[in-house]
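Comments concern the structure below.
As a basis for the values below, the full set of heavy atoms in this structure was taken, side chains included, without hydrogen atoms, waters or symmetry mates.
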Amino acid sequence: MSLSLPSLPALPAGRAARLLVLAAVFVCAACGLVYELALVTLGSYLLGNSIAQTSLVIAVSMFAMGIGAVLAKPLTARPLRSFVGVEIALAAVGGASVPALYASFAWLHLYTPMMLLVTFLIGALVGAEIPLLMELLQRLRRQQASLAVADINAVDYVGALIGGLAFPFVLLPTLGLLVGTVATAALNVLAAWTVGVALAGSRRHRGLVTAICGALAVALGATAVTADAFELNARQALYRDPIIHAERSDYQEIVVTRGAPFGPEFDDVRLFLDGDLQFSSLDEYRYHEMLVHPAMNGPHQRVLILGGGDGLAAREVLRYRSVSSVTLVDLDPAVVSLARSYEPLRKQTEGSLEDPRLTYVADDAFSWVRDYSGAPFDVVVADFPDPDSTALAKLYSVENYSMIARLLAPSGRLVVQSGSPFFAPDAFWSVRHTLDEAGYATTPYQADVPSFGNWGYVLASREGSAPELALDDEAPGGLRYASDTVLAAASSFPPDRAERPTSVTTLLDPAILDYARKGWVGY
């Protein structure tokens with residue numbers, strides 16, 4: 001039984017024309033995936049919640065692809081013109097997506113609605129491509145529909161593979177997010193122009209396609225040329241004080257600002273990682289003195305610092321003459337390098353990162369702790385960022401604290417920065433309960449750090465009763481905040497922030513992630 005296909009208006013036939021259309025399928029698939037990955041990446045950069053961003057982008061784009069495929073039905077009457085138009089529109093939307101979303105975040109505070117709109121438009125245009133390309137193939141050479149679908153799917157999936165690999169390993173490291181998406185849009189324009197000119201039936205149509213694609217290519221080129229200036233202005237809108245240094249490492253955006261909001265005598269240098277404040281030079285001593293010195297009350301010859309790549313916790317540790325070695329484990333060598341060499345930051349560290357007693361290890365703290373097999377430590381300082389992502393939540397898990405216990409000497413102490421007892425009380429108390437679950441005896445305490453507000457810590461030990469909050473006999477002089485009097489009051493919490501029941505955090509159930517995201521509401 002033979003399959004009967006309806007007659008279709010012909011396009012310029014030939015093997016070369018068919019290969020050209022399949023090449024367009026390949027390019028479209030690669031570009032479409034790059035746009036989706038760019039939206040996920042930008043959302044992770046700006047909002048930090050990579051799982052939510054990925055889920056939203058994938059769900060909305062898949063839904064929109066279905067809508068686009070349905071809307072493309074009437075366009076199949078003129079598949080060539082419609083495909084060229086869809087590709088030009090996709091290049092325009094995709095190329096403008098990152099700057100538009102960055103601007104909506106920096107100036108309009110409408111990032112999520114704009115992201116959903118852009119994702120829907122890109123998904124709908126990508127969804128419209130396949131029906132149009134399918135129709136083009138059929139008009140070039142009639143064949144069984146299943147065979148045409150197989151050809152298109154095979155090329156489409158290979159294109160998606162190449163786009164998925166090119167984005168993290170080529171586009172992002174060499175061109176950056178903004179210029180990388182513009183370059184991808186230019187590839188879309190090239191695909192539209194090539195197919196439109198090669199298969200157009202008249203000189204007039206070829207001229208029109210060339211003019212439109214040329215104008216869009218010029219616009220994309222102008223966007224690429226002005227990308228640095230745009231990014232600088234948009235980034236500056238996010239910070240109160242002038243930016244004096246900005247870079248994107250392999251792991252995060254690093255920004256340093258400097259200002260004097262209260263007069264020239266108040267020189268305020270601030271470090272931000274992915275938009276989150278790490279310290280202000282006006283009051284960081286309060287945070288770091290309270291983080292380090294209670295844990296140093298006891299043997300402290302060997303100290304491990306997890307996180308703390310800015311070198312400020314190390315500065316406090318190295319004030320003790322009897323400290324023989326400090327091991328600093330931080331994921332991002334760019335932060336450590338900047339703190340070592342950039343004078344506004346190096347001034348705050350007082351040269352701690354060049355101290356011969358300190359050894360820096362560029363590694364993920366969780367992996368390093370799991371694999372460590374050396375001599376035990378007297379003190380472990382966990383100076384991790386707040387657990388607002390899954391990658392960070394694992395550092396606050398029972399499993400991680402249990403592994404750290406293996407590294408502690410019998411009388412060793414662990415201190416964990418634990419967020420704000422006032423602004424995020426559930427997250428704070430979850431740290432204590434998770435440490436309890438891991439077998440530690442714990443003492444929660446707090447400090448006032450104006451740049452952060454009320455801030456909390458948990459001091460823990462593996463043996464005996466809960467550790468005492470006090471300064472060691474060898475504690476250095478000249479401390480500006482931590483004192484025995486302050487520490488005596490630091491473990492008292494008011495009734496409105498008293499200990500409350502919370503779930504513990506594990507690798508498979510990161511309860512603290514939910515608590516951290518629900519904190520700070522209304523502030």
Side-chain angles (χ1 to χ4, degrees), residues 22-58 61-62 87 90-91 93-99 101-102 115 118-119 122-123 126 129 153-191 220-221 223-225 227-228 230-231 235 246-254 273-274 309 330-338 361-364 366-368 389-392 394:
L22 290 175
V25 175
F26 175 87
V27 170
C28 294
C31 293
L33 190 58
V34 167
Y35 294 140
E36 292 182 11
L37 291 173
L39 295 176
V40 170
T41 302
L42 181 63
S44 300
Y45 284 173
L46 299 180
L47 303 181
N49 189 349
S50 58
I51 290 180
Q53 294 302 309
T54 302
S55 299
L56 282 173
V57 170
I58 290 177
S61 63
M62 294 297 289
E87 286 307 290
L90 182 58
V93 175
S97 61
V98 170
L101 288 174
Y102 203 171
M115 182 272 291
V118 170
T119 301
I122 290 175
V126 170
E129 290 174 338
N153 281 347
V155 177
D156 183 74
Y157 295 149
V158 173
L161 171 66
I162 299 302
L165 295 176
F167 179 76
F169 299 115
V170 179
L171 290 175
L172 205 55
T174 59
L175 298 179
L177 186 57
L178 198 158
V179 177
T181 52
V182 170
T184 303
L187 194 58
N188 257 146
V189 173
L190 180 61
L220 291 172
T223 302
V225 169
D228 288 343
F230 169 81
E231 190 173 1
R235 184 189 291 122
E247 65 176 286
R248 175 156 291 284
S249 73
D250 291 339
Y251 302 99
Q252 58 201 336
E253 183 179 64
I254 306 168
L273 300 180
D274 280 343
D330 191 275
L331 180 63
D332 196 346
V335 174
V336 176
S337 176
L338 190 67
V361 180
D363 201 351
D364 172 69
F366 185 92
S367 299
W368 187 89
S389 71
T390 51
L392 294 172
K394 71 179 181 182

**Message:** Any non-hydrogen side-chain atom of Met115 less than 4.5 Å from a side-chain atom of Val57?
**Reply:** yes

**Message:** Please tell me whether Asp274 and Gln252 have a donor and an acceptor in their side chains that are separated by less than 3.5 angstrom.
**Reply:** no

**Request:** Look at the side chain of Ser337 and the backbone N and O of Ala334, then say whether any donor-acceptor pair between them is shorter than 3.5 Å.
**Result:** no

**Item:** Close side-chain approach of Glu129 to Leu90, heavy-atom, < 4.5 Å
**Value:** yes

**Item:** Check: Val335 and Ser249 side chains under 4.5 Å, non-hydrogen atoms
**Value:** no

**Asked** Does the side chain of Tyr35 reach to within under 4.5 Å of the side chain of Cys31, using non-hydrogen atoms?
**Response** yes

**Asked** About how many Å separate SG of Cys28 and CG of Leu33, when rounded to the nearest 0.5 Å?
**Response** 13.0 Å

**Message:** Quick check: closest heavy atoms across Asn188 and Ala91, and the distance to 0.1 Å?
**Reply:** CB-CB, 3.7 Å

**Asked** From Tyr251 OH over to Asp332 CG, what is the distance, rounded to the nearest 0.5 angstrom?
**Response** 7.0 Å

**Message:** Is the shortest side-chain heavy-atom distance between Lys394 and Asp364 below 4.5 Å?
**Reply:** yes

**Point-to-point distance, once rounded to the nearest 0.5 Å, from CG of Leu177 to CZ of Phe167** = 5.5 Å

**Asked** Between CZ of Phe366 and CG of Leu392, what distance do you get to the nearest 0.5 Å?
**Response** 13.0 Å

**Message:** Minimum heavy-atom separation for Ala224 and Val182, please, with both atom names.
**Reply:** CB-CG1, 4.1 Å

**Distance-minimising heavy-atom pair for Ala183 and Leu175** = CB-CD1, 3.8 Å

**Complete:** Heavy-atom nearest pair, Ile122 first then Ser97, reads CD1-CB, 4.4 Å

**Request:** Rounded to the nearest 0.5 Å, what's the gap from CD on Glu231 to OH on Tyr102? Could you check?
**Result:** 5.5 Å

**Message:** Looking at Thr41 and Leu37, would you say the former's side chain and the latter's main chain have a donor-acceptor pair under 3.5 Å?
**Reply:** yes

**Request:** Can you see which heavy atom on Leu178 is nearest to which on Val98, and at what distance?
**Result:** CA-CG1, 4.0 Å

**Message:** A side-chain contact here means heavy atoms from C-beta on lying under 4.5 Å apart; do Phe230 and Thr223 qualify?
**Reply:** no

**Message:** Under the side chain to side chain contact (heavy atoms under 4.5 Å, CB included) test against Tyr45, which residue among Gln53, Arg248, Glu253 passes?
**Reply:** Arg248

**Request:** Apply side-chain contact (heavy atoms from CB on, under 4.5 Å) to Leu273 and Ile254, showing your working.
**Result:** CA-CA 5 Å; Leu273 300 180; Ile254 306 168; 3.9 Å; yes

**Heavy-atom check, side chain of Thr119 versus side chain of Leu56, under 4.5 Å** = no

**From Thr54 atom OG1 to Leu39 atom CG, the distance as rounded to the nearest 0.5 Å** = 10.5 Å

**Request:** Report yes if the side chains of Glu36 and Val126 come closer than 4.5 Å at any heavy-atom pair, otherwise no.
**Result:** no

**Item:** Heavy-atom closest pair, residues Ala29 and Ala160
**Value:** CB-N, 3.8 Å

